[in-house]
Amino acid sequence: MNTIQMVDLQRQYQKIKPEIDSEIQQVIDTASFIKGPKVTEFKKNLEAYLGVKHVIPVGNGTDALQIALMALGLKPGDEVITPTFTFIATAEVVALLGLIPVLVDVDKDTFCISVDALKKAITPKTKAIVPVHLFGQNADMEEIIKIAAENNLFVVEDACQSIGASYFFSDGTSKKSGCMGDIGCTSFFPSKNLGCFGDGGAIFTNNDALAAKMTAIANHGMVVRYHHDEVGVNSRLDSIQAAVLDVKLKRLDAYNSARQQAAAYYNKVFSQTEKIVTPTLTQTSTHVFHQYTIQLNGIDRPGLQQYLLDKAIPSMVYYPIPLHLQKAYQDARYCSGDFPVAEKLSKTVLSLPMHTELTEEELKYITEAVLNYC
Ligand SMILES: *Cc1c(COP(=O)(O)O)cnc(C)c1O
């Protein structure tokens, strides 16, 4: 059996090595490392895959979120609502731009932003909502879009973990993750569902004016060369990363379905015990399992992690500390106990190995070890 990893990128690469190597070599041979044809090609292919009008490739997912928020014309002191149980990037860019991150609790089943908590957090200063499609499943976007429309708020989706997931609206239409709000953001960090060989990210929008503005912001606020109309940043996806991503994009649906199959195996085995709560699947979204995250019901988490590690099985806690309890984000507005769902999850969740190459033998080995400890 192979060494079990949380994410096995080596094995994935071995299967597509000739194609990847030749695409990378082409970029090297043509020496068009920045803004080359590969970037445009990947952008077009991703637009077609997502069914979205504009994809703007950028340097990473955090930049994508920052550029999105910069484009909305918000003023210092404006409030942006985001969940407290997530990766730090969302709150970080809000704070860096002089905006006020307003944290809210998450839904106990989906781990995504709680719609009730969101409604209660809206004030006259609220300008935007940043829902995070955590672990690969879309947040309750129909409700979120409705609330945003009623309150005149922007919606910027953090789709860094959910690329390829679909959302089903009650009128029978469906959209891809990141393509429902005003703007969607994703990351191509190597371990993401669509990952490159370094850093990368992209912004999605159907709004022409926002697309033009974000394209300029990502390029030093420049439309005509050396004419800077606004303060921008330098954030680019390079050609080598675009070449890798274009090869993997063709396989994204197959990769996501490999993850779903692994998740189905885990779910089936863990349904035998009440000590493990498996991920809740909603009727409105597919789940692309960026992470396979269980909740432990009365099991000692560090003990289980050590037991697994002794059997060479890695596991991770995403995320051990909610944002409102992070040192850098300490704020008189929040204290321990404010967001009970997020705080409970941070103590009980455990993510198990999840990637595109897991074999039945490996899944059997992992699940048997977990059950043995229960
Ligand atoms: C990975 C991730 C980001 C940041 O992406 P980078 O490319 O690492 O900057 C932001 N939000 C979420 C939810 C993520 O998982």
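All ligand and atom numbering here is 1-based and tracks the order in the structure. Model, not experiment: these values are computed from the prediction.
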List, one per line, each side-chain donor-acceptor pair under 3.5 Å for residues 34-44, sequence neighbours excluded.
residue : atom : partner : partner atom : Å
K38     : NZ   : E23     : OE1          : 2.5
K43     : NZ   : E47     : OE2          : 3.3
K43     : NZ   : V55     : O            : 2.8

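- Here the two rings, on F339 and H324, have centers that are under 6.0 Å apart.
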Item to complete: Please test I366 against Y266 for side chain to side chain contact (heavy atoms under 4.5 Å, CB included), starting from the C-alpha separation and ending with a verdict.
Response: CA-CA 9 Å; I366 298 165; Y266 278 134; 3.6 Å; yes

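- With salt bridges taken as basic N to acidic carboxylate O contacts below 4.0 Å, one links K146 and E143.
- Residues in residues 295-316 take part in no salt bridge (charged side-chain N to carboxylate O under 4.0 Å, His left out) pair, two or more places apart or across chains.
- Side chain to side chain, Q25 and D29 meet the donor-acceptor criterion of an N or O pair below 3.5 Å.
- Among the atoms of D63, none of the N or O lies under 3.5 angstrom from an N or O of ligand 1.
- Salt-bridge formation is not detected for the pair E343/K347: no Lys NZ or Arg NE/NH1/NH2 atom is positioned less than 4.0 Å from an Asp or Glu carboxylate oxygen.
- At a 4.0 Å heavy-atom cut-off, ligand 1 does not touch T90 at all.
- Nearest protein neighbour of atom 13 (C) of ligand 1, counting heavy atoms only, is D158 OD2, 3.4 Å.
- Atom CE of M70 sits about 7.5 Å away from atom CD of E230, to the nearest 0.5 Å.
- Closest to atom 8 (O) of ligand 1 by heavy atom, among S187, S191, A202, is S187.
- Looking only at heavy atoms of the protein, atom 4 (C) of ligand 1 is closest to T62 OG1, 3.5 Å.
- With ligand atoms numbered from 1 in the order given, ligand 1 contributes 7 (O), 9 (O) to contacts under 4.0 Å with heavy atoms of N60.
- Annotation: Q161 places an N or O atom under 3.5 Å from an N or O atom of ligand 1; distance criterion only.
- Atoms of ligand 1 found under 4.0 Å from any heavy atom of A89 (numbered from 1 in listed order, with element): 10 (C).
- Considering only non-hydrogen protein atoms, atom 14 (C) of ligand 1 sits nearest to K192 NZ, 3.2 Å.
- Of the candidates C160, G61, A159, it is C160 that places a heavy atom closest to atom 10 (C) of ligand 1.
- When each atom of ligand 1 is checked for a heavy atom of V132 under 4.0 Å away, the hits are 13 (C).
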